[in-house]
Amino acid sequence: MGRRLVGRVNRPAAFAVAIPGCLLAAASLVALMLAAFGDYPMWRHEDVNLAEAAGVREEAEVTRLIERGQDPNASYPVRPGLLFERPANLTPLEAAVINDDPAIVALLFANGATVDGQTWVALRCFAGNSRVSPLLDAHRPAAIPLECAGRKTAWD
Amino acid sequence: MTAPMAAPLQMPRSLDTRALDDFAGAFGRPGGERVGVVALVWPRLTALRATQCAATVLALTFAYGLMRMPVQISDSLGQLLDAQQSASVLETFSSWAHRAAYLRPMFYVDVKILFDLANGHYWLAYRGFHALLACAALWLFVRVLRVRTWDDFAAAIFALTVFTGLHTFRGLVREAYPVSHFLQVAVLCLLALNLARSRGGWLVDVAAAITFVVASLTIESGLLVWVVIVAAWACGMRGVSRRGMLAVTALLGVYLWARFWMLAVGSPGFDQRSSGFLLRMLEPDEIQQRFGAMPAVFYAYNVATSFLSVLFSEPDGGVFEAVRAWLAGDVPPRVYLAVASSSLSTALIVWAVAARVRGGMRSMRDESTQLLAVSAAVVLANAAISYVYTKHEILSVAGCFYAVAAFVAARHALERLREGVPAAVRVVIVVVLASTATLWAFRSIGVHHMLRVEAFRVRNDWAGVPAEMWRDEGSAQQRRQAALIRQLRQDAIDAPGSNPYLVPRWVDRWWGE
């Protein structure tokens with residue numbers, strides 16, 4: 001009787017202590033198996049294009065893609081959920097300005113990104129007084145007036 | 001009424017009957033004559049092997065995360081360039097033997113040895129060594145627990161989640177300069193405890209002395225090896241003999257003499273680093289301004305908050321983060337998670353300590369009491385050496401020994417339940433144990449998220465390195481340095497990253513920092 005009671009008492013207690021850790025170990029084992037196929041859940045790598053990388057603060061990926069030959073002045077499709085709920089077609093510079101990321105804006109300018117007058121005005125008006133504004137001002141095309149009143153961009 | 005029992009199964013000859021008895025007592029049916037499903041699938045499975053398997057799997061997941069991290073730039077690139085410039089390990093040792101305020105020659109020797117061994121594969125050498133250290137830490141941790149029964153297994157699994165979930169473990173895997181010296185010292189302290197619990201012999205004494213020398217010359221936290229050995233000896237662990245303990249104490253004397261008299265290195269003042277105080281970080285000049293006339297107050301604050309942070313995960317680096325977040329009107333769930341899990345496990349430890357105190361000196365013969373006493377000594381000593389400033393990494397050894405104490409506490413709770421306590425108390429204990437174990441396991445997962453964020457940050461740091469630093473121009477030495485930087489940068493940028501901005505926001509609120 002005594003032995004039976006001991007068994008009944010300690011079983012749930014030992015389970016209570018061990019099960020969370022055992023589940024963690026089991027989940028870790030599954031994760032390691034998935035890692036063999038390049039799909040570790042905590043380290044999932046999503047391929048992004050240059051505009052998407054610029055829009056999600058991936059400075060290193062922007063650098064890598066430019067060094068691999070992607071054009072910093074071209075437009076790329078940006079999937080929904082990254083910057084907007086809908087799909088969009090953006091240049092890396094537009095994506096970085098929308099995300100207000102001065103490091104990536106500077107990186108793009110340093111790697112050959114350029115803006116024509118019309119795009120510059122659209123970006124500058126969108127940026128307002130944000131952190132990227134001084135960088136845009138430093139790359140202002142000559143003789144371009146800045147008039148933002150009533151201006152709407154495609155991303156507003 | 002009990003359900004009719006199945007016919008007894010034939011027990012294989014190779015079966016570990018003691019383990020089976022325990023298995024039946026804790027997880028299976030009472031009595032050793034019946035075999036559980038697990039024992040049928042893996043007849044040689046013992047509680048120890050099961051614990052080692054779990055620890056290995058957890059260690060491998062952390063190793064995987066560490067191998068996904070590039071070599072960091074901050075506090076690391078300078079060391080690598082120094083290692084490149086140094087002609088030999090001996091030159092590195094002698095040139096770093098005495099710099100102002102720090103005596104850490106082994107710190108730089110480690111970097112130099114790995115640099116020479118790397119033969120150009122720097123990421124593999126440094127991150128591989130980091131991953132090996134993480135595996136060694138978990139393996140030595142499990143070894144020190146001496147798991148024999150399935151109750152021990154349950155307590156050990158719980159302790160593993162405490163070990164890996166505690167904020168101090170994050171410090172061990174996050175930073176490497178480019179070697180994680182704090183993790184190295186934690187491994188050496190766990191090795192010292194394993195030696196103290198061994199059968200002994202002159203080889204063990206020699207190993208203890210070498211462990212102390214390497215640890216103490218790596219970083220100041222290495223002096224905790226002495227605390228481990230002396231506390232263990234004082235508690236009755238005789239793996240390291242009296243002679244060995246005295247030899248290590250003599251080496252400590254030599255260290256102090258060399259540091260303060262022969263080399264006059266001294267100790268760092270509080271003008272060296274920023275440190276947390278109440279609700280914010282103070283810069284060195286602010287600390288000087290506030291506490292220049294009464295440094296003892298600041299030191300006492302650091303010791304007290306370091307001690308509290310191990311027990312309750314608050315304050316964090318000297319800053320009361322929970323209070324600060326509450327005043328700001330947004331307390332992230334990770335703060336509740338950290339404080340609740342730590343407070344519950346500390347309560348269990350206090351319960352176990354109280355039972356031992358009631359037992360008086362007689363209980364010192366019990367190995368659980370010995371482990372608790374050594375853990376208490378190390379946590380207190382680690383808090384004491386954090387007097388100048390406090391941060392996660394410095395308290396990492398205390399974190400390891402806190403997890404050892406958590407093992408003893410969980411086992412104590414399970415033993416207490418065997419003694420036939422009232423039903424209501426029984427239910428409370430089981431609920432508390434289940435909640436605490438669940439919180440710690442959940443907290444432990446957060447380390448992987450932290451590693452992912454850190455890898456993302458380090459990779460981006462490399463993208464921001466100015467081209468002048470890695471352009472192939474200048475003198476021969478400058479070109480060698482540029483080649484090294486170029487290679488490290490390329491390794492980092494080519495590593496496939498995982499962008500934390502692409503994960504749901506709740507992930508960071510539960511597991512972020």
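None of the values given here were measured: they were computed from a predicted structure.
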Heavy-atom donor-acceptor pair, [X] side chain to [Y] backbone, under 3.5 Å:
X: B:Asp151; Y: A:Ala14; value: no
X: B:Arg452; Y: A:Met42; value: yes
X: A:His45; Y: B:Pro496; value: no

Checking side-chain contact (heavy atoms from CB on, under 4.5 Å) for the pair A:Cys22/B:Phe153: CA distance, chi angles, key distance, verdict? CA-CA 10 Å; A:Cys22 288; B:Phe153 165 76; 3.8 Å; yes
Under a 4.5 Å heavy-atom cut-off, does chain A meet the side chain of [X], its backbone, both or neither?
X: B:Leu439; result: neither
X: B:Ser444; result: side chain
X: B:Asp494; result: both
X: B:Ala156; result: neither
X: B:Ile493; result: both
X: B:Thr161; result: side chain
X: B:Phe442; result: neither
X: B:Gln490; result: side chain

Any side-chain heavy-atom pair of [X] and [Y] under 4.5 Å:
X: A:Leu29; Y: B:Thr61; value: no
X: A:Trp43; Y: B:Leu451; value: yes
X: A:Leu24; Y: B:Ile445; value: yes

Among A:Ala27, A:Ala60, A:Gly21, residue most engaged with chain B (heavy-atom pairs, under 4.5 Å): A:Ala60
Tell me, out of A:Glu67, A:Glu46, A:Arg68, who's got the most heavy-atom pairs with chain B below 4.5 Å. A:Glu67
Taking the inter-plane angle between the rings of B:Tyr64 and A:Tyr40 on a 0 to 90° scale, is it parallel (under 30°), tilted (30 to 60°) or perpendicular (over 60°)? parallel
[X] and [Y]: which non-hydrogen atoms are nearest, and at how many Å?
X: B:Leu417; Y: A:Ala13; value: CD1-CB, 3.1 Å
X: A:Val17; Y: B:Ala410; value: CG1-CB, 4.4 Å
X: A:Pro20; Y: B:Ala434; value: CG-O, 4.4 Å
X: B:Leu58; Y: A:Ser28; value: CD2-OG, 3.6 Å
X: A:Ala25; Y: B:Val57; value: O-CG1, 3.3 Å

Run the side-chain contact (heavy atoms from CB on, under 4.5 Å) test on B:Asn460 and A:Glu61 for me, step by step, so that the C-alpha distance in whole Å, both residues' side-chain angles and the decisive distance to 0.1 Å come before the verdict. CA-CA 8 Å; B:Asn460 282 345; A:Glu61 192 65 8; over 6 Å; no
Step through the shown structure and confirm whether more than 12 heavy atoms of other residues, nucleotides or ligands are within 6.0 Å of CD on B:Glu419. yes
What part of A:Ile19 lies closer than 4.5 angstrom to a heavy atom of chain B: side chain, backbone, both or neither? neither
Contacting region of A:Arg44 [heavy-atom separation from chain B under 4.5 Å]: backbone
Just so I understand: if I count every heavy-atom pair under 4.5 Å between each of [options] and chain A, which residue has the most?
options: B:Trp462, B:Phe158, B:Phe456; value: B:Phe456
options: B:Gly65, B:Cys53, B:Ala492; value: B:Gly65
options: B:Pro500, B:Ala467, B:Gly497; value: B:Gly497

Are B:Arg459 and A:Glu58 ion-paired here, with the side-chain N under 4.0 Å from a carboxylate O? yes
